[in-house]
2 protein chains.
Amino acid sequence: MADKQRRKPGETRDKLMAAALSLVGKGRHFASLGIREVTREAGIVPTSFYRHFRNMDDLGLQLVDELGLVLRKMMREARANVLHADKLMAESVAIFISHVEANRSCFFFMAQGLAGESRAVQEGIRSEMRFFASELANDLRRMRLVDHLNDRDLDMTCDLVVRSVAFSLTDLLGISPDDEYQINQVKTRTTRFLQLIFVGAAHWKSVTES
Amino acid sequence: MADKQRRKPGETRDKLMAAALSLVGKGRHFASLGIREVTREAGIVPTSFYRHFRNMDDLGLQLVDELGLVLRKMMREARANVLHADKLMAESVAIFISHVEANRSCFFFMAQGLAGESRAVQEGIRSEMRFFASELANDLRRMRLVDHLNDRDLDMTCDLVVRSVAFSLTDLLGISPDDEYQINQVKTRTTRFLQLIFVGAAHWKSVTES
DNA sequence: ACATGATGTGCACAACTGTACACATGGAGA
DNA sequence: TCTCCATGTGTACAGTTGTGCACATCATGT
């Protein structure tokens, strides 16, 4: 008899977020979703929406947090699995791509939110990216691969890296998740981008200060 | 007496496109616009919309063409005004920024469309960017500044350049159009990105082939 | 055991949406 | 001159939307 009852606290809340994400994953844009549509997808009555969120923007903000978790998980995996410095970039890109495929809807939401209509969501995603870039900078500093760069230049480099990868995201989301060929295409291109950037970083000072 | 009559062919069509662009410029997302909303903004009766467009996606596609014109105009101006190779990037970025400020709504639409919900619009914008990158590659070849790069690597470099600038677009659109300080911030950062990329390009072969 | 508060439901309603249809009007080609 | 056609208007309607309100149901702390 404990079947249709409330199972856990926050369960329907999660169902609502998952529903929104699912619709986004099916190609809809988050900005065009309505409360009724989301609740319908979640199998919930519309008015119940307000028990958890004040409006759609609010739900969007919570989704940004969820995205943050995914990104952190990805970062942890990258730190654990990227061992040899020579294949560092190719491996990182591979991990990124596999996480995108595993959380497609979430990254859809991220790509959309970057130019979305809610300023708050936009700033949230941007802030996640900044955090990611600064963590990357820390890792690189720790690995002592870029000792010749001062902090500001290293931050700039990492910023550019994160942006390039984020842009590849839109490539990735534009192609079918099982088109291995095209995915590999994106992978090698993104890797080359990163290599080009780090070649630039390696010679940076020599050009601007010598 | 020729006042309320039809002035020119395609006039209301332009009014509709301008109205959609204006709404987008005010922070709305294109995907969330409705036919009635756009016609209202244009001062047109809703049913008249169908005389010019089959639906909203159709209007979006026409907007991509308009965006194409703006980009080409920008390219022409850059070609005419970027004279000294040493300030090449700073000047190009400046021209880009001034065009963004002059056509804010249009670039809003572009940024949104990159992860928009119409696959066709998405592909259209992407194609404009590819065109832009290839033109850039041609110019660089003509200026003989990158003779050591083969065609494929030059294309990649230009691709990365265009992407980086496009990403800066989202920075730019996120700040007030008269916040000179922040605009300058974006400008110098973008310029440095490009410099970093070209430093990388300058040393590219030596790393991958030597 | 019982009151309480958090959560989910059903119903209602006014506002808005896309779109179909019949009609008005003016310009261009015969 | 007259006729046709592209363009714009007004009315209409069924479906959808956001959201307020009263009620049902449980989980928990006393």
Side-chain angles (χ1 to χ4, degrees), chain A residues 1-24 26-63 65-66 112 116-118 120-121, chain B residues 1-24 26-63 65-66 112 116-118 120-121:
Chain A
M1 69 180 75
D3 201 43
K4 276 185 69 181
Q5 306 168 0
R6 163 168 53 257
R7 330 240 173 134
K8 288 179 206 167
E11 193 206 17
T12 29
R13 176 202 184 88
D14 290 349
K15 266 203 283 191
L16 284 170
M17 292 205 278
L21 226 42
S22 155
L23 287 170
V24 165
K26 284 182 194 140
R28 300 290 315 280
H29 190 107
F30 183 79
S32 76
L33 296 182
I35 288 178
R36 282 189 118 101
E37 198 176 1
V38 173
T39 54
R40 202 183 309 131
E41 174 86 10
I44 303 288
V45 89
T47 39
S48 211
F49 179 90
Y50 298 101
R51 302 289 184 191
H52 306 277
F53 310 100
R54 305 210 339 281
N55 49 42
M56 266 301 181
D57 278 2
D58 191 16
L59 195 159
L61 280 180
Q62 319 273 352
L63 280 181
D65 292 347
E66 195 164 309
Q112 291 182 170
E117 76 180 342
S118 157
V121 167
Chain B
M1 65 183 81
D3 198 44
K4 277 186 67 180
Q5 306 167 1
R6 163 170 54 256
R7 330 246 171 127
K8 288 179 208 166
E11 192 207 16
T12 27
R13 176 200 184 90
D14 290 349
K15 266 203 283 193
L16 284 170
M17 292 206 279
L21 226 42
S22 155
L23 287 170
V24 165
K26 284 184 195 138
R28 300 290 315 279
H29 190 106
F30 184 79
S32 76
L33 296 183
I35 288 177
R36 280 190 119 102
E37 199 176 1
V38 172
T39 54
R40 201 183 310 129
E41 172 86 10
I44 303 289
V45 88
T47 39
S48 210
F49 179 91
Y50 299 101
R51 303 288 184 193
H52 305 278
F53 310 99
R54 304 213 335 284
N55 49 42
M56 267 300 182
D57 279 2
D58 191 16
L59 195 159
L61 280 180
Q62 318 274 349
L63 280 182
D65 293 346
E66 194 164 309
Q112 291 182 171
E117 78 180 340
S118 158
V121 167

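Chain A is the first sequence line, chain B the second, and so forth, proteins listed ahead of strands; every chain is numbered from 1.
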Partners passing ring pair (Phe, Tyr, Trp, His ring centres under 6.0 Å) against B:His29 (at least two apart in sequence or in another chain): A:His29
Whole angstrom value for the distance that separates C1' of D:dA6 from CZ of B:Arg13: 13 Å
Salt bridge (Lys or Arg N to Asp or Glu O under 4.0 Å) contacts in which one or both residues fall within residues 53-62 of chain A, not counting sequence neighbours: none
Spacing of A:Leu16 atom CG relative to C:dT7 atom P, expressed in whole Å: 13 Å
Length of the CD-P vector between A:Glu11 and C:dT7, whole Å: 12 Å
Separation of atom CZ in A:Arg51 from atom P in D:dT25, rounded to whole Å: 15 Å
Between CD1 on residue B:Ile44 and CZ on residue B:Arg51, distance to nearest 0.5 Å: 12.5 Å
Rounded interatomic separation in angstrom, taking CZ from B:Phe49 and C1' from D:dT9: 17 Å
d(CG, A:Asp14; P, C:dT7) in whole Å: 12 Å
Contact list for residues 29-46 of chain B, test salt bridge (Lys or Arg N to Asp or Glu O under 4.0 Å), sequence neighbours left out: B:Lys26-B:Glu41, B:Arg28-B:Glu37
Rounded distance in Å - NE2 (A:His52) to P (D:dT19): 16 Å
Separation of A:Lys15 NZ from A:Ser48 OG (nearest 0.5 Å): 9.5 Å
Distance-minimising heavy-atom pair for B:Pro46 and B:Ile35: O-CG2, 4.3 Å
So which protein N/O to nucleotides 14-20 of chain C N/O distances come out below 3.5 Å?
residue, atom, partner, partner atom, Å
C:dT17, OP1, B:Arg40, NH2, 3.4
C:dT17, OP2, B:Arg40, NH2, 2.7
C:dG18, OP1, B:Ile35, N, 2.8
C:dG18, OP2, B:Ile35, N, 3.3
C:dG18, OP2, B:Arg36, N, 2.8
C:dG18, N7, B:Arg36, NH1, 2.3
C:dG18, O6, B:Arg36, NH1, 2.8
C:dT19, OP2, B:Tyr50, OH, 2.8
C:dT19, O5', B:Tyr50, OH, 3.3
C:dT19, O4, B:Arg36, NH1, 3.3

